[in-house]
Trainee: 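Attaching a single structure in structure tokens format; questions to follow.
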Amino acid sequence: MDDLVEILGRERDLPDEGLRALLTDPDTTEPLAVAARQVSRAIFGGRVWLRALIEWSNVCRNDCLYCGIRRSNGRIRRYSLSREEILSCCERAWATGLRTFVLQGGENPAAALRLADTVAAIRSAWPEAAITLSLGELPRETLRLLREAGADRYLLRHETATPAHYASLHPAEMRLQTRLDCLQDLRDLGFQTGMGMMVGSPGQTAEHLIADIRLMQAFRPEMIGIGPFIPQRDTPFADRAPGSAETTLRLYSILRLIFPSANIPSTTALSTLLPGGRIAGLRAGANVIMPNFTPAPYREAYTLYDGKNAPRVESAVQIHNLLKDLSAAGFEVTSSRGDYKRYV
Ligand code: SAH
């Protein structure tokens, strides 16, 4: 196994059977993490970027079978933050030293179009901050307006690269190809573009994960968002088993070795499943953490999966503790924007 890790580190690729072995063998978790950490250190110098996550709305037109804010979930209170509320989240994040604001929400094209004004307001109030959006699939024209308003980056996980698996996770009207076309639009419009998938989503096999890696090798995303699937009680997948934290960690490492300079967050879903997961993710090769800056009254309504918000509300005290934990683990938090830089 150590040979495979070494070859992956050197070639930044492996044939399918090598990837399969690394993905499925628990004994590889640690050697992979050691190798990935070395690459992260070489590229990022032990630095970690914090991005402020602002969950701006849970109104969604989609009905993804795994997701708690799916439109047919009648048990959550729907909300959208006002422009003033969003700007005050940014204010707090900026004052805390964060230099990227991430606006994430349900898919709602009309609201996304209206959000362009807010993006422009953020852009003019904080010219030096990076603005990331994660608003689902939108028409190219809307994406263009958001880009012109000042957005720099866009996260749109492809969720799974295998069409039949995609169909088992989404309602019939959703198509993998539409999502991929949207990713291409984002790239064409000059967004730093993020893709990714859940680990252990219902029906997922190692072959699906290998197909995900192959798709990302073809697209070369600037950001990669990966987290374990966690069931949400009001969805059709309420009774499914969650994904594995260990496999998620191995994937962080594999992705770091294949995509040395990609921005890879250690995601909230991982830390929900695994105490200390944020730091474990960084130690496996991730370089970004996304503390939650959504105002407290709305957090419990942005319930993508169970357990998400309860113990992990990000008060000022908790940000302070996070900074302490990071420095104790040997990471240095930086106040640069952390844009993607191609690895040479
Ligand atoms: N609506 C936007 C962004 C919000 S959802 C979009 O479609 O991109 C953000 C991500 O949360 C999704 O891409 C999905 O991968 C993840 N997610 C949704 N439900 C989840 C669950 N039950 N467990 C883990 N991750 C989940």
Side-chain angles (χ1 to χ4, degrees), residues 51 53-73 76 78 80 102-109 111-112 115 132-138 142-143 146 153-161 165-166 169-171 173-176 178-180 182-183 185-186 191 193-204 208-209 212 216 221 223-245 247-248 251 265-274 277 290 292 294 298 301-309 312:
R51 326 279 205 205
L53 179 61
I54 303 166
E55 295 157 334
W56 91 275
S57 171
N58 65 358
V59 178
C60 191
R61 68 169 171 181
N62 278 337
D63 220 17
C64 307
L65 276 71
Y66 45 83
C67 185
I69 65 170
R70 66 202 303 267
R71 107 181 143 233
S72 56
N73 183 2
I76 52 170
R78 302 284 168 171
S80 300
V102 183
L103 300 185
Q104 192 189 77
E107 188 171 299
N108 183 347
L115 202 61
T132 303
L133 302 177
S134 178
L135 309 173
E137 297 164 20
L138 296 174
T142 305
L143 294 173
L146 290 164
R153 311 179 188 144
Y154 202 103
L155 304 165
L156 183 69
R157 291 186 179 177
H158 64 280
E159 312 296 359
T160 173
H165 187 223
Y166 191 92
L169 300 177
H170 297 99
E173 68 269 16
M174 288 181 72
R175 290 269 175 287
L176 175 58
T178 315
R179 218 158 169 86
L180 299 181
C182 192
L183 281 163
D185 285 342
L186 290 164
F191 283 98
T193 304
M195 54 202 297
M197 62 282 180
M198 291 175 287
V199 177
S201 57
Q204 185 185 65
H208 294 139
L209 288 173
D212 291 324
M216 293 192 282
M223 307 176 283
I224 303 178
I226 309 276
F229 161 74
I230 302 175
Q232 202 281 345
R233 71 181 86 84
D234 303 316
T235 64
F237 291 157
D239 299 326
R240 301 304 184 97
S244 143
T247 309
T248 306
L251 256 170
S266 178
T267 50
T268 315
L270 175 63
S271 67
T272 301
L273 213 56
L274 180 73
M290 296 169 63
N292 195 328
T294 312
Y298 301 109
Y302 198 82
T303 170
L304 302 180
Y305 44 83
D306 287 339
K308 177 169 166 290
N309 296 293
R312 279 159 230 285

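Just follow the structure's listing: the first ligand is 1, and inside any ligand the first atom is 1.
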Trainee: Once rounded to the nearest 0.5 Å, what's the spacing between atom CD of Gln104 and atom OH of Tyr302?
Mentor: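 The distance works out to 3.5 Å.
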Trainee: Look up atom CG in Asp63 and atom NE2 in His170, then write down how far apart they are to the nearest 0.5 Å.
Mentor: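 If I round to the nearest 0.5 Å, the distance is 10.5 Å.
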Trainee: Under a 4.0 angstrom heavy-atom cut-off, which atoms of ligand 1 come close to Ser134?
Mentor: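 What qualifies from ligand 1 is 3 (C).
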Trainee: To the nearest 0.1 Å, how far is atom 17 (N) of ligand 1 from its closest protein heavy atom, and which atom is that?
Mentor: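 Answer for atom 17 (N) of ligand 1: Met198 SD, 4.0 Å.
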Trainee: Under a heavy-atom criterion of less than 4.0 Å, does Gln104 contact ligand 1?
Mentor: yes
Trainee: Is a donor on one side and an acceptor on the other found under 3.5 Å between the side chain of Tyr305 and the backbone of Arg233?
Mentor: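 The answer is no, because no donor-acceptor pair under 3.5 Å joins these two groups.
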Trainee: Among side-chain atoms of Thr303 and Gln232, is any donor-acceptor pair under 3.5 angstrom?
Mentor: yes
Trainee: Given Gly105, Gly200, Cys60, which has its nearest heavy atom closest to atom 1 (N) of ligand 1?
Mentor: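 Shortest heavy-atom distance from atom 1 (N) of ligand 1: Gly105.
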Trainee: Does Tyr154 use its side chain to pair, donor to acceptor, with the backbone of Leu135 at less than 3.5 Å?
Mentor: yes
Trainee: What is the nearest protein non-hydrogen atom to atom 8 (O) of ligand 1, stated with its residue, atom name and distance?
Mentor: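 Checked against all protein heavy atoms, atom 8 (O) of ligand 1 sits closest to Arg179 NH2, 3.3 Å.
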Trainee: Tell me the nearest of Pro228, Ser57, Gly227, Ala269 to atom 24 (C) of ligand 1, using heavy-atom distances.
Mentor: Pro228
Trainee: So if I count the atoms of ligand 1 from 1 in the order they appear, which ones are less than 4.0 Å from some heavy atom of Gly136?
Mentor: 2 (C), 6 (C), 7 (O), 8 (O)
Trainee: Please say which of Leu304, Leu169, Asn73, Thr235 ends up in a side chain to side chain contact (heavy atoms under 4.5 Å, CB included) with Cys67.
Mentor: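 By the side chain to side chain contact (heavy atoms under 4.5 Å, CB included) criterion, Cys67 pairs with just one of Leu304, Leu169, Asn73, Thr235: Leu304.
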Trainee: Atom 11 (O) of ligand 1: which protein heavy atom is closest, and how many Å away?
Mentor: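 Protein heavy atom with the smallest distance to atom 11 (O) of ligand 1: Leu304 CD1, 3.6 Å.
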Trainee: Are Met197 and His208 close enough that some pair of their side-chain heavy atoms sits under 4.5 Å apart?
Mentor: no
Trainee: Working to the nearest 0.5 Å, report the span between CG of Leu155 and OG1 of Thr132.
Mentor: 6.0 Å
Trainee: Just need the protein heavy atom nearest to atom 23 (N) of ligand 1, so name the residue and atom and give the distance.
Mentor: Ile230 N, 3.0 Å
Trainee: I need the single residue from Asn62, Ile76, Asp234, Leu65 that forms a side chain to side chain contact (heavy atoms under 4.5 Å, CB included) with Arg70. Which is it?
Mentor: Leu65
Trainee: Compute the minimum heavy-atom distance from Arg61 to ligand 1 and say whether it is under 4.0 Å.
Mentor: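 Arg61 does not count as a contact of ligand 1 under the 4.0 Å cut-off.
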Trainee: Of all the atoms in ligand 1, which lie at a distance below 4.0 Å from a heavy atom belonging to Arg157?
Mentor: 13 (O), 14 (C), 15 (O), 16 (C)
Trainee: Looking only at protein heavy atoms, which one is nearest to atom 12 (C) of ligand 1, and what is the separation?
Mentor: Glu159 OE2, 3.3 Å
Trainee: Can you tell me the protein heavy atom closest to atom 19 (N) of ligand 1 and the distance?
Mentor: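 The closest one turns out to be Tyr66 CD1, 3.3 Å.
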Trainee: Record the part of Tyr302 in heavy-atom contact with ligand 1 below 4.0 Å; permitted values are side chain, backbone, both and neither.
Mentor: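 Just the side chain.
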